[in-house]
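Here is the structure we will look at.
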Amino acid sequence: MSYSYDDENIFAKILRGEIPNDTVLETEHSLAFNDIQPQAPVHVLVIPKGPYVSYDHFAQEASEAEITDFTRAIGEVCRMKGVQEGGFRLISNAGEHGVQEVPHMHVHVLAGRPLGRMLQKA
Ligand code: AMP
């Protein structure tokens with residue numbers, strides 16, 4: 001499958017500085033910022049700076065430097081937020097069944113309260 005990236009998605013606008021964000025961490029290839037509608041006391045979005053639609057797109061086409069940077073950025077966010085002890089959840093929604101709202105690859109870092117079971121029945 002070929003991936004088509006929409007330059008007008010909201011995270012692309014954040015990366016271009018066209019709309020503000022509440023930055024938690026910026027690295028060479030990644031940006032982490034607080035979710036605008038937090039669903040837990042800690043709700044951070046970590047995104048690669050490159051134009052990737054989804055996790056599988058990123059895994060297929062990103063460079064090793066980007067993948068390493070992104071993986072380490074998530075770990076750094078967990079340490080910055082002090083969530084290792086209490087625990088946390090990482091989620092990356094993709095496509096229609098994943099109910100992805102923003103078509104720029106992102107990982108949600110959720111923590112700060114018991115998060116319940118991973119999935120509810122539809
Ligand atoms: P997803 O359903 O995985 O695509 O999640 C997209 C997430 O982006 C949601 O949790 C939104 O609350 C969040 N979001 C949308 N717009 C913004 C924004 N401008 N700044 C921060 N988070 C946003």
Side-chain angles (χ1 to χ4, degrees):
M1 126 168 209
S2 68
Y3 297 97
S4 128
Y5 181 81
D6 170 15
D7 267 332
E8 292 306 310
N9 79 76
I10 200 143
F11 294 169
K13 291 180 179 175
I14 285 176
L15 286 167
R16 290 197 295 268
E18 293 168 10
I19 61 170
N21 75 93
D22 184 9
T23 299
V24 172
L25 174 71
E26 181 165 9
T27 64
E28 184 179 1
H29 295 295
S30 309
L31 180 68
F33 52 92
N34 287 310
D35 196 291
I36 205 165
Q37 288 189 295
Q39 295 187 42
V42 174
H43 189 170
V44 178
L45 299 170
V46 188
I47 69 174
K49 291 182 177 176
Y52 304 106
V53 177
S54 58
Y55 196 97
D56 53 305
H57 186 196
F58 181 70
Q60 184 166 315
E61 293 189 8
S63 67
E64 290 185 12
E66 290 175 296
I67 292 170
T68 300
D69 179 296
F70 185 76
T71 303
R72 292 199 192 281
I74 292 173
E76 180 64 18
V77 166
C78 292
R79 285 189 294 279
M80 289 171 75
K81 293 291 181 180
V83 303
Q84 307 100 307
E85 199 169 318
F88 58 90
R89 181 172 293 159
L90 307 179
I91 297 174
S92 190
N93 297 317
E96 186 183 345
H97 288 184
V99 195
Q100 181 180 13
E101 288 171 25
V102 180
H104 181 110
M105 141 72 157
H106 50 281
V107 168
H108 297 254
V109 180
L110 295 150
R113 66 168 172 80
L115 296 165
R117 289 192 180 276
M118 189 167 67
L119 293 176
Q120 295 174 339
K121 286 186 180 171

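Read the numbers this way: they start at 1 and go in the same order the structure lists the ligands and their atoms. Nothing here was measured: the structure is a model prediction, and the numbers come from that model. All values below come from the heavy atoms of this structure, side chains included, with hydrogens, waters and symmetry mates left out.
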What protein heavy atom sits nearest [atom], and how far away is it?
| atom | result |
| --- | --- |
| atom 20 (N) of ligand 1 | I36 CB, 3.7 Å |
| atom 7 (C) of ligand 1 | D35 OD2, 3.5 Å |
| atom 8 (O) of ligand 1 | F11 CZ, 3.4 Å |

Whether over 12 other heavy atoms sit under 6.0 Å from E18 CD
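More than 12 within 6.0 Å, yes.
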Could you list the atoms of ligand 1 found under 4.0 angstrom from a heavy atom of [X]?
| X | answer |
| --- | --- |
| N34 | 21 (C) |
| N93 | 1 (P), 2 (O), 3 (O) |
| Q37 | 12 (O) |
| H106 | 1 (P), 3 (O), 4 (O), 5 (O), 6 (C) |
| H108 | 1 (P), 3 (O), 5 (O), 7 (C), 10 (O) |
| V99 | 2 (O) |
| L45 | 8 (O), 13 (C), 22 (N) |

Please find out if less than 6.0 Å separates the ring center of Y52 from that of F70.
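No, the ring centres sit 6.0 Å or more apart.
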Hey, would you say the Y5 and H57 ring centroids sit under 6.0 Å apart?
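Ring-ring flag for Y5/H57: false, centres at least 6.0 Å apart.
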For ligand 1, note which part of Q39 has a heavy atom under 4.0 Å away: side chain, backbone, both or neither.
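The answer is neither; Q39 stays 4.0 Å or more away.
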Gap separating the CE atom of M105 from the CG atom of L45, nearest 0.5 angstrom
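Reported value, rounded in 0.5 Å steps: 11.5 Å.
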Separation of S54 OG from N93 CG (nearest 0.5 Å):
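Here the rounded value is 11.5 Å.
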Step-by-step salt bridge (charged side-chain N to carboxylate O under 4.0 Å, His left out) determination, E8 to R16
CA-CA 10 Å; E8 292 306 310; R16 290 197 295 268; 3.7 Å; yes
Checking the side chain of E66 only, and the main-chain atoms of S63 only, is there a donor and an acceptor separated by less than 3.5 Å?
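Here the side-chain-to-backbone pair exists.
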H106 (side chain) donor-acceptor with Y55 (main chain) under 3.5 angstrom
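Such a contact is absent between H106 side chain and Y55 backbone.
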Any N or O on E101 sitting closer than 3.5 Å to an N or O of ligand 1?
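Among all N and O atoms of E101, at least one is under 3.5 Å from an N or O of ligand 1.
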Short N or O distance, V102 and ligand 1, threshold 3.5 Å exclusive
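For ligand 1, there is an N or O atom that lies under 3.5 Å from one belonging to V102.
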Could you pull out, from N9, N21, I10, the option with a heavy atom nearest to atom 16 (N) of ligand 1?
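Considering heavy atoms of N9, N21, I10, the nearest to atom 16 (N) of ligand 1 sits in I10.
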Can you classify the ring geometry of H108 versus H43 as parallel (below 30°), tilted (30 to 60°) or perpendicular (above 60°)?
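Rings of H108 and H43: tilted, as their planes differ by 30° to 60°.
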